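All remarks here apply to the structure that follows.
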Amino acid sequence: MFLINCPFCGEREQSEFKAGGEAHIERPKQPTELSDDEWAEFLFMRKNIKGVQFERWNHAHGCRKWFNIARDTSNDQIKAVYKMGEKPPVK
Amino acid sequence: MSKNLRFKSSKLVDETYRISFKFNNKTYYGYKGDTLASALLANDVHLVGRSFKYHRPRGIMTAGSEEPNAIIQLHDNTSRTEPNVRATEIEIYEGLVASSQNCWPSVDFDIGGINNILSPLLPAGFYYKTFMWPKSFWEKYEYFIRKSAGLGKSPKEADPDIYEHRYIHCDVLIIGAGISGIMAAKMAAKNGLKTLLVDEKSFLGGSTIYDNSEFLKINNQITSSWLEKEINEISKLKNLEIKTRTSVAAFHGYNFLLARENLTDHLPISQRKNKVRHRLLKIRAKKVISATGAIERPLIFDNNDRPGILLSSAVKKYIDLYGVACGENNILFTNNDTAYETAMSMVQRGIKVNAIIDNREEIVSKLSYEVEKNNIKIFKGYTVVDTYGYKRINGLSIMQLSKDGQKVIGKKIKLSCDSLGVSGGWTPAVHLFTQSGGKLKFRENDQVFIPNKYPSDQLSIGSCNGDFSLEEITTNTILSVKKFLNINDIDYNTFEIITGINKSKRNIWLLPSDKILGKTKSFVDYQNDATAKDIKLALREGFRSIEHVKRYTTTGMGTDQGKLGNMHALGIISETAGTKMGEHGTTTFRPPYTPLTFGTIVGRNVGEFFDIIRRTPIHDWHVTNNAKFENVGQWKRAWYYPKANENMHQAVQRESKAARECAGILDASTLGKIDIQGTDASEFLNRVYTNAWSKLAIGKCRYGLMLNEDGMVYDDGVTSRLDENHYIMTTTTGGAANVLGKLEDYLQTEWPELDVYLSSVTDHYATISVCGPHSKKIVSKVIPDLDFSDEKFPHMSFKNAKIDQIKCRVMRISFTGEQSYEINIQSNYGKSVWEKCIEAGKDFNITPYGTETMHLLRAEKGFIIVGQDTDATMTPIDLQMDWIVSKKKYDFIGKRSLYRSDTIKDDRKQLVGLLTENPEEVLEEGAQIVADIKKSPIEMLGHVTSSYYSPNLNKSIALGVVKGGKKMLGQKLIIPMENKNINVTVADPVFLDKEGERLNANL
Ligand SMILES: [Zn+2]
């Protein structure tokens, strides 16, 4: 069970949070302009890497804010926590 | 009369406190402090169970949680019965009743024993190869296999005991209170760290606490005396909490651990009342120190599983701790010095040691010289090749090992014995370390896996770190704990160790035999009956990875997770395959380390506390008025209100008729309600619903459909515009939390520029829906000041009003198709307003109806229920709800997906109405729909989603989804059931009042 450092509340148990999948996938501004393939890319395609992965998390049983984390999937180490709209502070 | 193998004065047993207990229906006596195993051994009972596959007689093998054989059922046929309890762990108490579980009909005569004779026919993978084919036969085999396999019985009654969970936060958690754990605890606590020390045993001190040998001394004191003083000292430390009988079950990431504290299992049942039995500790430790010790290895030779064969350290423990000898004619078999310590304990107590068989050719320790001085014959460079005796070992034969250890040579020598202690060296107990994600490395010189890479802030010390000698343990514990905790001030400055033990060891994973391997039964996994032969067969059949070999042979897959034999399995694999240890991987140990009861896992969350129960403000009225309840998510919703002798069908028919002919009243308080405010509220709704919202006038209500980004229907509900920048949205009962979460997600991540605020107000309002041709008269009586005329208060609008002095909101919206009013009022007035409505409706036959009638009424109108008529694969177009999808809006959630190549297909499953040929025949929800019954295989076109008998139409009606259903109007289809085929016709899903005239109909 992770300890996650919510950028708004501080360190809390993982059970207070909800995972929200891969981060930095922006909803297209003009979906109607996209081909089926381009739209499918946004809709379905997600990375599943061994190593540092950027993820969306929500402090569902706390402040209810969404934020991003950089997590190494090989050992579950959380390398960084950062707010929505911010660039990942690690590679 | 059986022999008494109890000696006076032992460390743990209180000889003044005699306890009687029953094992396999026979009464025995033991003493306070005994485990079931030590008490049985004192009564010369070794045979305690049968093995899993061959049903071979099996005896107590160890003295701890690693026990593979002595697995018993406690208190069979009572509510407290528990399977898979290790006799070596359970402490006896007055009234204990235990029985062998892996035997049928009895441990002495076991039908499955025939498998032993048939064993050449039962190789590895036998069950997979035989019983799984043909597949349909498994059902027939299963009953007999399970009955004779006897995996223990689960209780049939509710658990009478109390369990609880507790969180513990500490600076340092130390697992294991052996010598290194005690030292670490003292160092941590004395330096001001909040420390928790846990041990699975009832006593502190691990294996050092019963070491009375002259050959091991610390500062010139016998080790056990030295350690007793240490324990005495730490028990007074303020920063230190000590928990015995506490077994760490799981070591998760971020130093989160689960431990079971066993509080009452050692007490007589009469003393357990109102006490917590087990406590699950959820420990979050800043630092963790594992001092979990090591587990002695058995040796792998032919017939190494007979009752009377124990680990040599267990033999020693039974003598020193419990004053129990495992036999009168003892032999020890070893490849290292451990067995000599056991021999010395026996010598001290005057227990006869016939011989020691040692794999090593040269034995050089002081200890071994001392053993030889006591006239104990040592066979150097020998191995056991066979053992004799069916239900108890009565002898063995030995042969000399060749120089390379691959063969046996010379003459076979027979020796007699009634107990054999074996030692194959030690395996560090790294289970918890690997659970936490730790990586191991293999140490060649003594063939052990030891911790290498720590995944979190943790440390392994003592023998679980591969330090086996007393010097290594003490020196390394001090050094590494000092560094790990970053402390300087410690008491351990001078340490003088005297030891007579030598570390030499001759490791042979599979000992050679004079027989060919195929003729031997050399057990590697005792509990699951996997032999060396099975492992070699798996390799011959092409399995390489340890994880595959494990599953194929079932090695390590018992409740003990192969704590004894996994290393030998790895060793045999690498020897056979000619590879290095660890190259094929090591098996993964999974939590829990030892089995947990379900009670421990659920804690207090049983019965009504199993899940949260949400009740509406009107709940008590429903209870008083005989409502039956339905669970909708966590909500208890009134389902129907049976009168006198009515069954559900009759009640629902009556309620449905009344709602259309007179008046019905429904508690709709569970619907999700979200208050939406902000200058961009209209724009926000435009983006989240499929239809347009900007032009909705203040005071009006509108039905909305919400999609996922993939175009599939997600939720629906009516949203009302309260003010220019203020809306209230309703959601489905089950979808409320998810809808709020989804809206928040979009607001925070995709559209942070929008000025919109969301609040869940589901629990804040009670919602009372009054419908039917008399509804207007009823609500007019409840709220006389409000103008209910159709001109002033038309369908799909709302009014603010007051009932007495209390503000409320009345919405004229309908889910039944009848004229209908929804009163929303602050929750705590809900019940009284409901009662006012009932009172006002008395003259109009107002009838409370539940969710079942609500479902029926809406089905008559063809209104969908998200989650019943949809299943995350239905677009609004599939639902024939094209009218609600705005063509003008540039974008909304899911819009682009509505014209993907897949979603525009004509033959998608689409919502249709279904009418049965026989109007009395009601379809089963979930039933399959087909067109051609003769086709093979029959093509499934769809399924029935909602089905009722409509009392208002006097016929059966149904909704269903059918491939290409939109174009099938009037077409005949078939619903194949078990005993018959039902003919149906595809119909318009709106069965009643398509024109919507009833919305304004008054009586
Ligand atoms: Zn937070």
Side-chain angles (χ1 to χ4, degrees), chain A residues 1-5 7-8 11-15 17-46 54-69 71-78 83-86, chain B residues 167 169 250-258 282-286 436-439 453-457 591 687 707-712 737-738 740-753 757-760 887 889-904:
Chain A
M1 256 235 290
F2 306 166
L3 271 180
I4 298 173
N5 195 10
F8 307 95
E11 204 167 67
R12 296 288 191 279
E13 294 275 334
Q14 186 186 339
S15 55
F17 297 85
K18 201 177 97 180
E22 191 180 338
H24 305 297
I25 297 176
E26 204 182 329
R27 187 176 188 273
K29 288 272 181 293
Q30 298 178 311
T32 45
E33 312 290 309
L34 302 181
S35 68
D36 270 11
D37 283 352
E38 287 165 329
W39 180 247
E41 184 69 29
F42 157 72
L43 203 53
F44 301 121
M45 304 315 267
R46 296 294 182 270
F54 304 108
E55 299 170 339
R56 288 152 29 90
W57 283 75
N58 178 234
H59 196 183
H61 298 284
C63 63
R64 292 193 67 82
K65 286 281 196 184
W66 283 91
F67 56 90
N68 295 321
I69 71 171
R71 180 174 67 98
D72 188 332
T73 58
S74 68
N75 58 15
D76 280 340
Q77 293 288 323
I78 296 173
K83 290 180 185 172
M84 277 294 156
E86 289 177 359
Chain B
Y167 277 94
H169 299 265
F251 191 164
H252 296 297
Y254 290 75
N255 283 352
F256 181 72
L257 298 95
L258 297 174
K282 302 179 174 185
I283 307 165
R284 186 71 81 164
K286 290 200 179 106
S436 77
K439 297 277 177 279
K453 279 187 192 146
Y454 295 106
S456 63
D457 204 357
R687 296 186 190 186
L707 309 184
N708 262 331
E709 209 66 272
D710 62 6
M712 304 304 154
N738 291 337
L740 179 71
K742 185 181 162 91
L743 299 183
E744 285 178 330
D745 187 351
Y746 274 91
L747 270 180
Q748 287 180 36
T749 65
E750 298 294 351
W751 308 318
E753 71 281 4
Y757 303 88
L758 308 171
S759 309
S760 167
K887 304 276 182 302
K889 282 201 291 182
Y890 177 72
D891 192 15
F892 57 83
I893 296 171
K895 175 172 171 136
R896 176 62 186 83
S897 292
L898 294 179
Y899 55 94
R900 286 179 57 239
S901 58
D902 195 52
T903 44
I904 54 171

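Computed from a prediction, not measured in an experiment: that's the story for all the values here. A note on names: the letters A, B, ... follow the listed sequences, proteins ahead of strands, and every chain is numbered from 1.
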Item to complete: Mind running side-chain contact (heavy atoms from CB on, under 4.5 Å) on Glu13(A) and Tyr254(B) for me, showing each step along the way?
Response: CA-CA 10 Å; Glu13(A) 294 275 334; Tyr254(B) 290 75; over 6 Å; no
Name the member of [options] that forms the most heavy-atom pairs with chain B at distances under 4.5 Å.
options                                : value
Leu34(A), Thr32(A), Asp76(A)           : Thr32(A)
Glu26(A), Gln30(A), Gln14(A), Gln77(A) : Gln30(A)
Gly85(A), Pro28(A), Ser35(A)           : Ser35(A)

Tell me, for [X] versus chain B, whether the close heavy atoms (under 4.5 Å) come from the side chain, the backbone, both or neither.
X        : result
Asn75(A) : neither
Met84(A) : side chain
Leu3(A)  : both
Arg56(A) : side chain
Trp66(A) : both
Ile4(A)  : neither

Worksheet item: Looking at side-chain heavy atoms only, is the closest gap between Arg27(A) and Glu709(B) below 4.5 Å?
Response: yes
Worksheet entry | Residue pair Leu43(A) / Arg900(B), side-chain heavy-atom distance below 4.5 Å |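 The answer is yes; the side chains approach within 4.5 Å.
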Using heavy-atom distances under 4.5 Å, tell me whether [X] contacts chain A through its side chain, its backbone, both, or neither.
X         : answer
Phe892(B) : backbone
Asp710(B) : both
Tyr746(B) : side chain

I need the [X] [atom1] to [Y] [atom2] distance, nearest 0.5 Å.
X         : Y         : atom1 : atom2 : value
Arg64(A)  : Gln748(B) : CZ    : CD    : 8.5 Å
Leu257(B) : Met1(A)   : CG    : CE    : 11.0 Å
Thr903(B) : Asp36(A)  : OG1   : CG    : 7.5 Å

Worksheet item: Quick check: are there more than 12 heavy atoms from other residues, nucleotides or ligands sitting under 6.0 Å from NZ of Lys65(A)?
Response: no
Discussion item. Between Ser901(B), Ala737(B), Gly437(B), who has the most heavy-atom pairs with chain A when the cutoff is under 4.5 Å?
Written reply: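 Between Ser901(B), Ala737(B), Gly437(B), the count favours Ser901(B).
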Worksheet item: Is Lys18(A) paired with Asp745(B) through a side-chain N to carboxylate O contact shorter than 4.0 Å?
Response: no
